[in-house]
Amino acid sequence: MEYSPNSIEEKWRVWWSENGTYKVSNDTDKPKYYVLDMFPYPSGSGLHVGHPLGYIASDIFSRYKRLKGYNVLHPMGYDAFGLPAEQYAVTMGVHPAASTNENIKRYRSQLDNIGFSFDWSREVKTSEPNYYKWTQWIFLELYDHYFDTDSNKAESIDALVKRFETNGNADVNAATTQDNTFTSVEWNALTPKAKSDILMGYRLAYRKVSTVNWCEELGTVLANDEVKDGVSERGGYPVIQKPVLQWSLRTTAYAERLLNGLDNVDWSDSLKTQQRNWIGRSEGARMFFNVADSDKTIEVFTTRPDTIYGATYMALAPEHEYLKELTTTDQKAEIDEYLTYVNTRSELDRMSDVKKVTGAFTGSYAINPMNGAKIPIWIAEYVLAGYGTGAIMAVPSDDERDNRFATKFGLKIIPVVDKSEYEGATLDDKVGKMINSDFLNGMEVKDAITAAINKMEEMGVGARKINYKLRDANYSRQRYWGEPIPIIYDADGVEHKMDISDLPLVLPDLDDFKPTADGKAPLAKKTDWTNLPNGFTREVDTMPGFAGSSWYFLRYMDPDNTEEFASPKALAYWKEVDLYIGGAEHAVGHLMYSRFWHKFLFDKGLVPVDEPFKKLVNQGMIQGIIEYMYLKKEKTDGVSHFVCSKIAQQEGGKDSDKFARIPVNVDFIQEYGSVDSYLDISSIKRFIDWRPDYADAIFECGKGIFQNGVFNATNGSTDSHLFTESEVGKMGKRYFNSVNPDDMVDRYGADCFRMYEMFLGPLEQAKPWDTKGIEGVSKFLRKFWALFYNEDKWLVVDEAPTKDEFKVLHTTIKKVSEDIERLSFNTCTSAFMVCVNELRKLDCHKKEILETLVVLIAPFAPHAAEELWHKFGNESSVHLGTYPIVNEDYLKEDTITYPICINGKKRATFDFASDASKEDMEAITRELEVVQKWAEGKSIRKVIVVPKRMVNVVVG
RNA sequence: ACCUCUGUAGCCCAACUGGAAGAGGCGCAUGACUUAGAAUCAUGAUGUUGUGGGUUCGAAUCCCACCAGAGGUACCA
């Protein structure tokens, strides 16, 4: 029979499901192996071809490990809470639970189509109460603990309270924002509210003021993603940074352990580097500057205490707590004006716009603790409240940004480091000899740093300190579609945790998912839910997206447990994720949060290891081509005005303020993805059908204008191309460029789709989707099939294979196994192609070869392999079989052909016996005719023999 | 702006630890089969390894600078 995937694939998917082929037991003697995918957020547009890339890779690896005799846990679930479902609810009135369930159904059918070996009985959905019960429980555990720096782990708040009651806090070393010292007597005399406030400074889940993006016109808090250039993406309204009391997680407490833990995991160096940079450990000093004519002291963190004598001004973050007190009457207007400006600036704007130097003078002065110099205190947006202490001592002579600032505002610059001995050193380089620096003069920077800190400690004006860029994670969202935070407040505003027996705190139904007029979370509207009979009120913020995804991998181990998040037995067996595959876009965020949660659970003795993911691989993103149209920001005669991208280019293109770029559905585009992609008249009409709001828009093409159904050509031209701009980028709903895997599976079959995705390129590399190449893989599968079948005839014969046939097979086993181990699936695919090409040349149809080949290819093409496996008369699944072993005897060669190079250039080849020694090879090489010829009149200086590679003769 | 990664034939990519620039596929060209096309089979052409420097007997690979693209930058997921 012909290879026709559609007729066999569905059959085997049903068979696997009915036979429970992929059901995983926690109860077995087999060694375990845990292969995890980053579970998807079920978006409204369904899976696109980028999603399955990692899933296919992990599925191949799981099937491989199963064949190798492991008990493999390979689960799947859904990260089901999230903003898009809520936005959809706000605009379309569909309950997020309903749309999410619809999306999950669609995802499931798409996933099923690809033939994954997931154990669906372990499915996890983060939006299910029986799951988020435990998310809430972990949150309360975090709330109930603080980080003790003496024991270097989380300890219970109850124990801390006992210490306060007996000894106060003087001998407590903890990760805390609490810097007042109190005695037991003082503590015991405090009101419950005051005690609660102090404990907030210790808890791992705590409340503090942090800012949100607030859009007055839309009456809502916006995600960073919804803000572009300081205005809302929707409608273009102003967005300001508004301070709100919110929950946070004290991730910083674990900074050092998060950093050290990286040494013990098998992740790529680039990924570890990204995590290390995100944690951003830096050594330096904290220093205290008194404010002139005030009792205030400003704390700064600096990595360059050596440059203290060059500190000519001080810069505070505009959010600094002392700003009010420091601003003089004269300067108030200027400061207020500046604050209004800063309010419109996102953190990203503030970091990236370094060329723009802005700031304002408070009118106050600080005293340099080392020499008593009076230096002005400014506020500047380049100082971020969240980093260090939100205040810096500025040294314009040795810091690029400070230098620009000082130059612009005419502030003093005192050179303190002489770099004349270091050619090419930049301002920021930590090299040179100290000058103008009193006792530091003449020292090298490195020594001066130590000397300066020692002196400051002696004088009591500073101390050695390690600072981290890592910030505590904001844990509050003013949203509906997330886990409710199980906290209630009494009449005094003191928070209380809910009783564990009352969990889960189920998210109540709402009809209207908009926030309240004053920006409170939607749940605030549900007064019968928020107001409890005893006068207490509920927290109305919900948890962020990362809450549910920070521990889901533990739930798969024991998904139906109602007593614990997972049983100790299940946790002890599965232990940790052995291989985690997921997108590089999660390289810091999700992985950092999961590791933090896991370390906390480890401290509690609830998980057996302190790092959750042993080996981690980021698959590269499959990109799509995004097609943009240029829209003039200002309407022409009251209607929208689109401009051909080639015309827009001449006026500055995307960098110009004149244009907005809007993504177009790529289905309308001619010459999609090329430099000359365009819309013709009929595609413009389709565009208008799609976006009726642009029905009367002007479309300015290269050679004419299209409007209201009529094309007016200039110079009688018929060329009506409206060029669009193609850009490689994310595939997704917002760019209208998704390719649905179902279409590929319908057309080519799941096995072909799977192999093609792997064949596209290295797993870790980003690559644009291109449907064209899939024909090659399809052709390969037909050729593979043709080894077994000729039309309706089963060709396989029971003859003993030849040496050559064995060699082809075992070369392939070796290559494929090695490549699977290093996750190089693209080269596996081409190894199979080579193998099939060679077997065809040998006209091989031998059972012993082909049956082994079927097992070998089973992880890649599970359906075809299963079909053929059963044709061989086997009754159990090929996927529960045994992986073939390489027999090296078939791979041996008698001679190896070496290139003979003269001075690095290949001049001849020579066959050496494969077991020849280096010395023999050198001796033979020296006598070769070519070598003699090239060495004529010169001497042979050296002969380099690289076994199995080449021979190089150096003459001269 | 900062952090991370990538750049090899018209295109997707191989080249493992520094050792012959080429495995596989797409596309293209020619031939076979065919009335023709499709499918299939056979054959084979294409190079400043992004640019410039350095290290080395030898560099796609290591180092430095630059250019281009992608991902992340804490409320998209």
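Proteins come first, then strands; the chains are lettered A, B, ... in the order of their sequence lines, and each starts at number 1.
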With a 4.0 Å cut-off on heavy atoms, is [X] in touch with a base, just the backbone sugar-phosphate, or nothing at all?
| X | result |
| --- | --- |
| A:V834 | sugar-phosphate |
| A:R782 | sugar-phosphate |
| A:P762 | sugar-phosphate |
| A:K772 | sugar-phosphate |
| A:R907 | nothing |
| A:T897 | base |
| A:S43 | nothing |

Roughly how many Å apart are [M] and [N], using the [atom1] atom of each and rounding to a whole number?
| N | M | atom1 | value |
| --- | --- | --- | --- |
| B:rU6 | B:rC63 | P | 11 Å |
| B:rA20 | B:rC57 | C1' | 16 Å |
| B:rG31 | B:rG18 | C1' | 43 Å |
| B:rU40 | B:rC76 | P | 47 Å |
| B:rU61 | B:rG50 | C1' | 15 Å |
| B:rC16 | B:rG22 | C1' | 15 Å |
| B:rU17 | B:rC2 | P | 31 Å |
| B:rG27 | B:rU34 | C1' | 24 Å |

Can you measure [X] atom [atom1] to [N] atom [atom2] for me and round it to whole angstrom units?
| X | N | atom1 | atom2 | value |
| --- | --- | --- | --- | --- |
| A:K783 | B:rA39 | NZ | C1' | 13 Å |
| A:F825 | B:rC13 | CZ | P | 17 Å |
| A:I774 | B:rC13 | CD1 | P | 16 Å |
| A:N826 | B:rC16 | CG | P | 13 Å |
| A:K814 | B:rC16 | NZ | C1' | 12 Å |
| A:M833 | B:rC13 | CE | C1' | 12 Å |
| A:L823 | B:rA14 | CG | P | 14 Å |
| A:I622 | B:rU6 | CD1 | C1' | 16 Å |

Scan every strand shown for a Watson-Crick or G-U wobble partner of [N], both distances under 3.5 Å, and answer none if you come up empty.
| N | value |
| --- | --- |
| B:rC57 | B:rG19 |
| B:rA29 | B:rU43 |
| B:rG71 | B:rC3 |
| B:rC66 | B:rG50 |
| B:rG37 | none |

Using a cut-off of strictly less than 4.0 Å, decide whether A:N837 has a side-chain nitrogen or oxygen near OP1 or OP2 of B:rG24.
-> no
A:T220 pairs by side-chain contact (heavy atoms from CB on, under 4.5 Å) with which of A:P515, A:P522, A:S232?
-> A:P515
Out of A:Y475, A:W551, A:F546, which residue meets the side-chain contact (heavy atoms from CB on, under 4.5 Å) rule with A:Y593?
-> A:F546
Would A:D819 and A:R822 pass as an ion pair if we require N to O under 4.0 Å?
->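 Looking at A:D819 and A:R822, the cut-off is met.
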Thinking salt bridges, do A:E893 and A:K948 make one under a 4.0 Å N-O criterion?
-> no
Can you tell me if A:N903 uses its side chain to pair, donor with acceptor, with the backbone of A:V955 under 3.5 Å?
->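 Flag set: sc A:N903 to bb A:V955 pair under 3.5 Å.
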Determine whether A:V49 and A:F753 make a side-chain contact, defined as any pair of heavy atoms from C-beta on separated by less than 4.5 Å.
->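 Touching, per the 4.5 Å side-chain cut-off.
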Residue pair A:R404 / A:E400, side-chain heavy-atom distance below 4.5 Å |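 They are in side-chain contact.
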Of all residues at least two apart in sequence or in a different chain, which pass the side-chain hydrogen bond (donor to acceptor under 3.5 Å, both in side chains) check with A:Q275?
->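 With sequence neighbours excluded, A:Q275 shows a side-chain hydrogen bond (donor to acceptor under 3.5 Å, both in side chains) to A:R595, given in chain and number order.
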Comparing A:L760 and A:K779 on RNA chain B - which has the more 5′ nearest nucleotide =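 That would be A:L760.
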Starting from the 5' end of RNA chain B, give me the residue, A:S352 or A:T273, whose nearest nucleotide shows up first.
->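 So the residue in question is A:S352.
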Quick one, give me the B/S/- string for nucleotides 61-77 of chain B, reading 5' to 3', where B means a protein heavy atom under 4.0 Å from the base and S means that only happens at the primed atoms, P, OP1 or OP2.
-> ---------SBSBBBBB
Of the listed nucleotides B:rC13, B:rG24, B:rU4, the one nearest the side chain of A:S270 |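 Of the options given, the side chain of A:S270 lies nearest B:rU4.
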Nucleotide nearest A:P899 when distance is taken to its side chain, options B:rA14, B:rA23, B:rA20 =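 The answer is B:rA20.
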Review item, nucleotides 56-58 of chain B N/O atoms under 3.5 Å of protein N/O:
residue	atom	partner	partner atom	Å
B:rC57	O2	A:N952	ND2	2.4

Exercise: do A:Q87 and A:E226 side chains pair donor with acceptor under 3.5 Å =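 Their side chains do contain a donor-acceptor pair, which is all the 3.5 Å distance test asks for.
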Provide the closest heavy-atom pair for A:L616 versus A:L591 in the form atom of the first, atom of the second, distance.
-> CD1-CD2, 3.4 Å
Is the gap between the ring centers of A:Y748 and A:Y756 under 6.0 Å?
->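 No, the ring of A:Y748 stays outside the 6.0 Å limit from the ring of A:Y756, centre to centre.
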Under the salt bridge (Lys or Arg N to Asp or Glu O under 4.0 Å) criterion, do A:E922 and A:K918 qualify, and how do the steps go?
-> CA-CA 6 Å; A:E922 180 174 340; A:K918 268 174 110 168; over 6 Å; no
